[in-house]
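This report concerns only the one structure given below.
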Amino acid sequence: MIRSMTGFGRGVYQDEKRNIVCEIKSVNHRYCEITVKMPRRYQFAEEKIKSLVKEIAVRGKIDVSIMVDDLSFDKEDIRLNIDAAKAYYNSLIELKSNFPDLNGDVDLRMLALMPDVLKNVPTEEDEEEILRVLKIAVTEALNKHSEMRAIEGEKLVADILKKNDGILSAVLEIEKYAPEVSKQYALKMKERINELLSGEATIPEDRVMLEAAVFADKSDITEEIVRLKSHCAQLKSICASGEIIGKKLDFLVQEMNRESNTIGSKANDINITDKVLFLKSEIEKIREQVQNIE
């Protein structure tokens, strides 16, 4: 299936413990570049998520954003550091013995407020369970992302094929008109010479034909026309393949542009030049569209 590299998808998972929202957006890129943004406590799942994305995306800059709202009340534990409490108690008793004139007793509240005696620590997560629920949200987002890319890809290909048909029509017109170029050149050259000589001398017909033949050889665009027609046929074939075609089309469009440039430089004729300008414009439009195809 032909897909665009531009797309968006959103997936949601919810249970009694957490709400998970995954959003995936992508734009065109030469390679596959995946960025995952998620809470630090779940970063152990980052590579697994990237692997899921790579299963459906070959090219593109893809941003994955995962938001987790923890609904459980036991997400943190209170840890008692009894060794720290004993150390504080012994130190405070020693301090009191050294300063008997100072008021104050060592009590439970004082010890509880000492650093690291009572500490909040996150509840240990079941990594396999977290991976399971994350995968549900990510998979839903990826499916919607792929659907959007497929729809966009169909539109891009339809537009490319339409422009390709216009290019082929212009090439066929150039092919039809090209033989007339050397004839027109010979006629104009003969008229110009006669004008300059004012009828005082004549130029042998074979000499005029020889010059026209030399011009025809230099301006011959048969090979370029044949290759351009072949490229147009290849473009249709590639688009019909349903494979990942972005890089193939990118290379093919470069070749089409090269052949158009050669025709423009060889064919010394205003009519062909006008057609070449049209070719270059349409090929450039295709090239821009191809940049968005995976």
Side-chain angles (χ1 to χ4, degrees), residues 1-13 21-37 49-66 135-173 227-260 275 277-294:
M1 180 182 294
I2 297 171
R3 292 182 294 236
S4 167
M5 283 187 279
T6 302
F8 176 82
R10 190 173 190 267
V12 178
Y13 173 83
V21 177
C22 176
E23 294 183 346
I24 299 175
K25 60 181 179 180
S26 63
V27 294
N28 61 306
H29 194 274
R30 187 175 181 182
Y31 305 107
C32 184
E33 181 181 308
I34 303 170
T35 303
V36 179
K37 296 180 180 179
I49 292 170
K50 286 185 177 180
S51 297
L52 288 175
V53 176
K54 288 178 181 178
E55 290 179 5
I56 60 94
V58 178
R59 297 172 66 201
K61 187 178 186 303
I62 305 164
D63 292 322
V64 181
S65 175
I66 298 176
K135 185 176 180 180
I136 293 173
V138 172
T139 300
E140 182 183 355
L142 284 173
N143 289 339
K144 293 180 179 178
H145 178 257
S146 293
E147 289 174 7
M148 182 175 179
R149 292 197 303 141
I151 293 171
E152 182 71 15
E154 289 180 3
K155 293 179 180 178
L156 289 174
V157 169
D159 184 65
I160 288 172
L161 290 175
K162 182 178 179 181
K163 288 179 170 56
N164 185 63
D165 290 341
I167 290 171
L168 181 59
S169 296
V171 171
L172 293 176
E173 290 182 25
R227 283 196 288 267
L228 257 179
K229 291 196 295 184
S230 174
H231 293 336
C232 289
Q234 288 180 57
L235 188 146
K236 291 183 69 173
S237 176
I238 291 172
C239 288
S241 69
E243 300 174 354
I244 296 172
I245 62 173
K247 290 185 177 180
K248 290 182 180 179
L249 287 181
D250 190 40
F251 173 77
L252 187 61
V253 170
Q254 291 181 43
E255 294 301 306
M256 293 173 73
N257 191 58
R258 183 178 292 111
E259 302 302 340
S260 297
K275 294 297 181 184
L277 291 175
F278 171 78
L279 289 179
K280 290 175 66 65
S281 174
E282 294 301 286
I283 291 171
E284 177 60 22
K285 291 175 184 176
I286 290 178
R287 189 194 68 80
E288 292 176 356
Q289 299 287 47
V290 166
Q291 301 309 306
N292 291 313
I293 293 180
E294 185 178 55

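Computed over heavy atoms, backbone and side chain alike; hydrogens, waters and symmetry mates excluded.
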Any side-chain donor near an acceptor of the partner, Ser169 and Glu173, under 3.5 Å: no
Nearest-0.5 Å distance, CD1 of residue Ile66 to CD1 of residue Ile49: 3.0 Å
Lys50 atom NZ: more than 12 heavy-atom contacts under 6.0 Å: yes
side-chain contact (heavy atoms from CB on, under 4.5 Å) between Ile56 and His145, worked out: CA-CA 10 Å; Ile56 60 94; His145 178 257; 4.2 Å; yes
Atom pair CD/CZ of Gln254 and Arg287 - distance to nearest 0.5 Å: 9.0 Å
Salt bridge Glu23-Arg10, side-chain N to carboxylate O under 4.0 Å: yes
For the student: nearest non-hydrogen atoms of Ala141 and Gly11, plus distance: CB-N, 3.5 Å
Interatomic spacing from NZ in Lys247 to CD1 in Ile238 - rounded to 0.5 Å: 14.5 Å
Of Leu161, Leu168, Asp165, the residue whose pairing with Cys232 passes side-chain contact (heavy atoms from CB on, under 4.5 Å): Leu168
Euclidean distance, Glu288 CD relative to Ile283 CD1, rounded to 0.5 Å: 12.5 Å
NZ/NE/NH1/NH2 to OD/OE distance under 4.0 Å, Glu284 and Lys280: no
Check: Ser237 side chain, Ala233 main-chain N or O, donor-acceptor pair, under 3.5 Å: no
salt_bridge(Arg258, Glu255) N-O dist < 4.0 Å: yes
Exercise: do Glu282 and Asn164 side chains pair donor with acceptor under 3.5 Å: no
From CD1 (Ile34) to OG (Ser26), nearest 0.5 Å: 10.5 Å
Verdict with reasoning, Val36 to Val53, per side-chain contact (heavy atoms from CB on, under 4.5 Å): CA-CA 10 Å; Val36 179; Val53 176; over 6 Å; no
Non-neighbouring partners of Lys163 that pass salt bridge (Lys or Arg N to Asp or Glu O under 4.0 Å), sequence neighbours left out: Asp159
Neighbour count above 12 (heavy atom, 6.0 Å) for Phe251 CZ: no
